[in-house]
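For reference, the structure is listed below as structure tokens.
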Amino acid sequence: MTSEGLIMRAFTVSLYLIAVCSLGDTSWLSTTCRGEWQRFGSHYFFFDQTQRSWTDSERNCESLDGHLASVHSTEESRFLEELAGGSTITWIGGNDGGRPEMTQPRTWTWTDSTMFNYHEWADGEPNNFNGVRESCIQMNFGDEHRWNDEVCEKDFASICSRHIRTTVKIAC
Ligand SMILES: [Ca+2]
């Protein structure tokens, strides 16, 4: 190859690298474009092993055109349990708003705005353990793999969901 050819080749490679780098952090592409979204009913679900706080997990799901998963039946819960590998403690979208009061009753909501019409708390939960505010819900907790209220700032895996009719920003 001539020196001019080498220069052109280097120029082309540089342009390619600039194009790739200009996309920013593309690590999420591998998690959203490989068919890892699994359908149950009217939603697709995606298990993300990355350890994040509950708030960062919700933000991550929103960046994927969804929310943290809401759960509305035993069947759906078992599906999500299997998706999460059976025993990985995992954030889902339930929270009590982070209000400072510790007393009952606590009002739980889902980040996807669906009704909080189902729950499967582990024995003794939710409990604001040791008097610490635990405003966020995780699944696969304890021997029976049920729900626990936990401190939202702690890092765990998460499950995102999006409605099957949601138009995603990035086509894969
Ligand atoms: Ca708890």
Side-chain angles (χ1 to χ4, degrees), residues 23-73 76-102 105-122 125-129 132-142 145-172:
L23 293 173
D25 177 9
T26 58
S27 58
W28 60 272
L29 282 171
S30 64
T31 61
T32 56
C33 299
R34 289 183 182 169
E36 294 179 0
W37 290 87
Q38 305 289 323
R39 183 173 176 175
F40 182 92
S42 60
H43 284 75
Y44 291 116
F45 295 89
F46 168 64
F47 173 61
D48 193 332
Q49 299 184 58
T50 306
Q51 305 275 303
R52 298 184 181 90
S53 70
W54 182 90
T55 302
D56 285 347
S57 297
E58 170 63 17
R59 285 192 187 124
N60 176 60
C61 294
E62 290 175 8
S63 77
L64 303 175
D65 302 298
H67 292 281
L68 281 169
S70 60
V71 186
H72 301 281
S73 68
E76 189 171 40
S77 191
R78 299 288 76 73
F79 169 81
L80 296 183
E81 185 180 343
E82 186 171 332
L83 188 67
S87 59
T88 304
I89 295 181
T90 302
W91 287 130
I92 52 178
N95 72 98
D96 72 355
R99 290 172 291 278
E101 64 269 23
M102 302 284 284
R106 298 163 69 184
T107 302
W108 297 94
T109 59
W110 296 113
T111 52
D112 65 5
S113 302
T114 54
M115 281 187 61
F116 197 90
N117 53 6
Y118 175 84
H119 64 78
E120 48 179 60
W121 296 109
E125 305 294 344
N127 62 357
N128 286 322
F129 186 62
V132 177
R133 287 293 286 119
E134 298 182 317
S135 290
C136 297
I137 299 179
Q138 55 184 199
M139 53 175 275
N140 278 343
F141 176 81
H145 299 179
R146 295 302 189 252
W147 296 1
N148 172 44
D149 60 340
E150 182 55 276
V151 175
C152 302
E153 287 73 23
K154 291 186 179 179
D155 293 343
F156 292 97
S158 57
I159 292 182
C160 298
S161 76
R162 59 179 166 82
H163 195 276
I164 55 174
R165 293 201 190 107
T166 300
T167 303
V168 295
K169 294 169 191 159
I170 304 292
C172 299

Legend entry - SG on C136 to CD on E58, rounded to 0.5 Å: 10.0 Å
Inset, instruction - Check whether any side-chain heavy atom of R162 lies under 4.5 Å from a side-chain heavy atom of H43, and answer yes or no. - result: no
Legend entry - Under 3.5 Å: donor-acceptor pair, side chain of E134, backbone of E150: no
Inset, instruction - Check the pair R146 / M139 against side-chain contact (heavy atoms from CB on, under 4.5 Å), numbers first and verdict last. - result: CA-CA 6 Å; R146 295 302 189 252; M139 53 175 275; over 6 Å; no
Legend entry - Residue that, paired with I137, satisfies side-chain contact (heavy atoms from CB on, under 4.5 Å) out of T90, L68, I92: I92
Legend entry - Geometric class of the W121/H119 ring pair [parallel <30°, tilted 30-60°, perpendicular >60°]: tilted
Legend entry - Main-chain N/O of S158 paired to D48 side chain as donor or acceptor, under 3.5 Å: no
Legend entry - Partner set under ring-ring contact (aromatic ring centres under 6.0 Å, His included) for F156, not counting sequence neighbours: W91
Legend entry - Pairwise distance SG(C152) to CD(Q138) - rounded to 0.5 angstrom: 10.0 Å
Inset, instruction - Supply the atom-to-atom distance F40 CZ to S73 OG, rounded to the nearest 0.5 angstrom. - result: 4.5 Å
Inset, instruction - Check for a donor-acceptor pair, side chain of D155 on one end and backbone N or O of S53 on the other, with a separation under 3.5 Å. - result: yes
Legend entry - Greater than 12 external heavy atoms within 6.0 Å of R165's CZ: no
Legend entry - Heavy-atom closest pair, residues I164 and G41: CG2-O, 4.3 Å
Inset, instruction - Kindly give the heavy-atom pair with the smallest separation between F45 and F79, and that separation in Å. - result: CD1-CE2, 3.6 Å
Inset, instruction - Tell me, please, which residues at least two apart from D96 pass side-chain hydrogen bond (donor to acceptor under 3.5 Å, both in side chains). - result: R106, R133, S135
Inset, instruction - Taking the six-membered ring for Trp and the full ring for Phe, Tyr or His, determine whether the centres of W108 and W147 are under 6.0 Å apart. - result: no
Legend entry - Value rounded to 0.5 Å, distance of SG in C61 from CZ in R52: 8.0 Å
Legend entry - Shortest non-hydrogen contact from T111 toward N95: CG2-ND2, 4.0 Å
Legend entry - Pairwise distance NE2(H163) to CG(D65) - rounded to 0.5 angstrom: 14.0 Å
Legend entry - ring-ring contact (aromatic ring centres under 6.0 Å, His included) partners for F129, two or more places apart: none
Legend entry - For T114, side-chain hydrogen bond (donor to acceptor under 3.5 Å, both in side chains) partners two or more places apart: S70, H72, D112
Legend entry - Student check: side-chain heavy atoms of Y44 and L64 closer than 4.5 Å: no
Inset, instruction - Please round to the nearest 0.5 Å and tell me the distance separating atom CD of Q51 and atom CD1 of I89. - result: 9.5 Å
Legend entry - Side-chain touch T88/F47, heavy atoms, less than 4.5 angstrom: yes
Inset, instruction - For N140 and G86, work out which heavy atoms get closest and say how close. - result: OD1-O, 3.6 Å
Inset, instruction - Check ring-ring contact (aromatic ring centres under 6.0 Å, His included) between F141 and all other residues, then give those that pass, not counting sequence neighbours. - result: none
Inset, instruction - Indicate the atoms forming the closest heavy-atom contact of V71 with L80, along with that distance. - result: CG2-CD1, 3.6 Å
Legend entry - Pairs touching residues 77-87 that satisfy side chain to side chain donor-acceptor pair (under 3.5 Å), sequence neighbours left out: S77-E120, R78-E81, R78-E120, E81-H145
Legend entry - T109 side chain near F116 side chain, heavy-atom distance below 4.5 Å: no
